[in-house]
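What you are looking at is a predicted structure, and each value in this text was computed from that prediction instead of being measured.
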Amino acid sequence: MVTSKLLWLVLASQIFHSSLAADLHPTDIFILAGQSNMAGRGGVDNVTWNGFIPTQCSSNPSILRLSAQLKWEEAREPLHVDIDLEKTCGIGPGMAFANAVKANESRIGVVGLVPCAIGGTAISEWARGTRLYKELVNRAKESVRYGGIIRAILWFQGESDTGRKKDAEAYKGNMESLIRSLRYDLNISDIPVIQVALASGEGKFVELVREAQLAIKLPNVKCIDAKGLALKKDHLHLTTMAEVQLGLKFANAYITSFGYMLQ
């Protein structure tokens, strides 16, 4: 009887929060894009996520996510569970970012997160005209259908471009082209872009890609550094708490560099 009652309470809570989210639409929208460290591998061991959710990543009725079906729902970890389908998703930086922004910027209302990251992708796979680029743009445009403003694009990618020198050397130009294309196609010429300087990579040219990321000087582009954050045993993916730290870095960068745009 106790077990049945607890199950009923859990189901009732889920239905209540899903209904509440369905009645909300975000006012402040953030696009999450890139590859696996954005999609989140924190807490994933082989093909299993351990289910641990740090308090910084807790769900909140006023933090929503755009599902693969283009429906707004209460955001819960793993954020990319129905987007990055080829691998198991775990904790990424998105929820820690959203909670920190809400806690430290009173002008932020209902946050809308738009997961778009796909693990193992090179920047060439995000160039204008590619499938991933079109999906990102389509999801971003869908996110503002009911109002709301896209406040920033959060970008963490580049590990797959560290294997060949020519890819690493081309990274800066490819990233700048991507930013210009997104601003044009989303019709937001000054949209902030916060990118991450790599902590790791799949090849020996990590430093070349990092140098490219740190060298981008386009207007309203900010680079935060993941170097030094803890990596898992694979020496490629961030740990759960490192993802949390990265989310806080994203939040600090957004508030300090672009908070004025909320006025």
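Residues Val196 and Cys223 are not in side-chain contact: their nearest non-hydrogen atoms beyond the backbone lie 4.5 Å or more apart. Side-chain contact check for Leu113 versus His80: every heavy-atom pair is 4.5 Å or farther apart. Side-chain atoms of Thr239 and Glu243, non-hydrogen and from C-beta on, never get closer than 4.5 Å to each other. Counting only heavy atoms from C-beta outward, the side chains of Arg128 and Leu178 never approach each other to under 4.5 Å. Under the 4.5 Å side-chain criterion, counting only non-hydrogen atoms from C-beta, Gln157 is in contact with Ile123. Side chains of Ile191 and Leu182 form no contact here, defined as non-hydrogen atoms less than 4.5 Å apart.
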Notebook entry, point to check: Where do Cys116 and Ile31 land on the side chain to side chain contact (heavy atoms under 4.5 Å, CB included) test, with the steps shown first?
Noted result: CA-CA 7 Å; Cys116 298; Ile31 311 299; 4.0 Å; yes
Checklist line | Stepwise side chain to side chain contact (heavy atoms under 4.5 Å, CB included) test for Glu125 and Leu132 | finding: CA-CA 7 Å; Glu125 296 177 79; Leu132 293 180; 4.1 Å; yes
Next item on the list: Run the numbers on Glu86 and Ile118 for side chain to side chain contact (heavy atoms under 4.5 Å, CB included), then give the verdict.
Entry: CA-CA 8 Å; Glu86 296 300 317; Ile118 303 293; over 6 Å; no
Checklist line | Audit row: Asn99, Ile63, side chain to side chain contact (heavy atoms under 4.5 Å, CB included) steps and yes/no | finding: CA-CA 8 Å; Asn99 277 304; Ile63 299 176; 3.4 Å; yes
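Screening Leu66, Leu64, Ile150, Val110 for a side-chain contact (heavy atoms from CB on, under 4.5 Å) with Ile29, the sole residue that qualifies is Ile150. Checking each of Val111, Val114, Asp82 against Arg65 for a side-chain contact (heavy atoms from CB on, under 4.5 Å) leaves exactly one that passes, namely Asp82.
Closest non-hydrogen pair, Ser59 versus Met95, comes out as CA-CE, 3.9 Å. Taking every heavy atom of both residues into account, Ser58 and Ile53 meet most closely at N-CG2, 4.4 Å. Of all the heavy atoms in Leu198 and Gln213, the pair that sits closest is N-OE1, 3.1 Å. Across all their heavy atoms, Ile108 and Lys102 have their closest contact at O-NZ, 3.9 Å. Residues Gly90 and Pro78 share a closest heavy-atom pair of O-CB, 3.4 Å. The two residues Leu238 and Leu246 make their nearest non-hydrogen contact at CD1-CD2, 4.0 Å.
Under a 3.5 Å cut-off, the side chain of Thr240 and the backbone N or O of Gly43 do form a donor-acceptor pair.
Linking Ile, Leu, Val, Met, Phe, Trp and Tyr whenever their side-chain heavy atoms come within less than 4.5 Å puts Phe97 and Leu229 in one cluster.
Using a 4.0 Å cut-off between charged side-chain N and carboxylate O, Glu105 and Arg107 make a salt bridge. Ionic pairing of Arg210 and Glu207 is present here: one or more N-O contacts between side-chain nitrogen and carboxylate oxygen are shorter than 4.0 angstrom. A salt bridge links Glu142 with Arg145: the closest approach of a Lys/Arg side-chain nitrogen to an acidic carboxylate oxygen falls below 4.0 angstrom.
Using the six-membered ring where Trp is involved, His25 and Tyr146 have ring planes that are parallel, under 30° apart on the 30 and 60° scheme.
Taking the six-membered ring for Trp and the full ring otherwise, the centers of Phe30 and Phe250 sit at least 6.0 Å from each other.
Here the NZ atom belonging to Lys134 is positioned 11.0 Å from the CG atom belonging to Asp185, to the nearest 0.5 angstrom. Put simply, SG on Cys89 and CH2 on Trp49 are 10.5 Å apart, with the number rounded to the nearest 0.5 Å. Note that CD of Gln35 and CH2 of Trp155 are 8.5 Å apart. Values are rounded to the nearest 0.5 Å.
Within a 6.0 Å radius of CG in Asn187, other residues, nucleotides and ligands contribute 12 heavy atoms or fewer.
Glu176 and Tyr171 share no donor-acceptor pair across their side chains, judged by distance under 3.5 Å alone. In summary, the side chains of Ser36 and Glu159 do not present any donor paired with an acceptor at a separation below 3.5 Å, with no hydrogens or angles considered.
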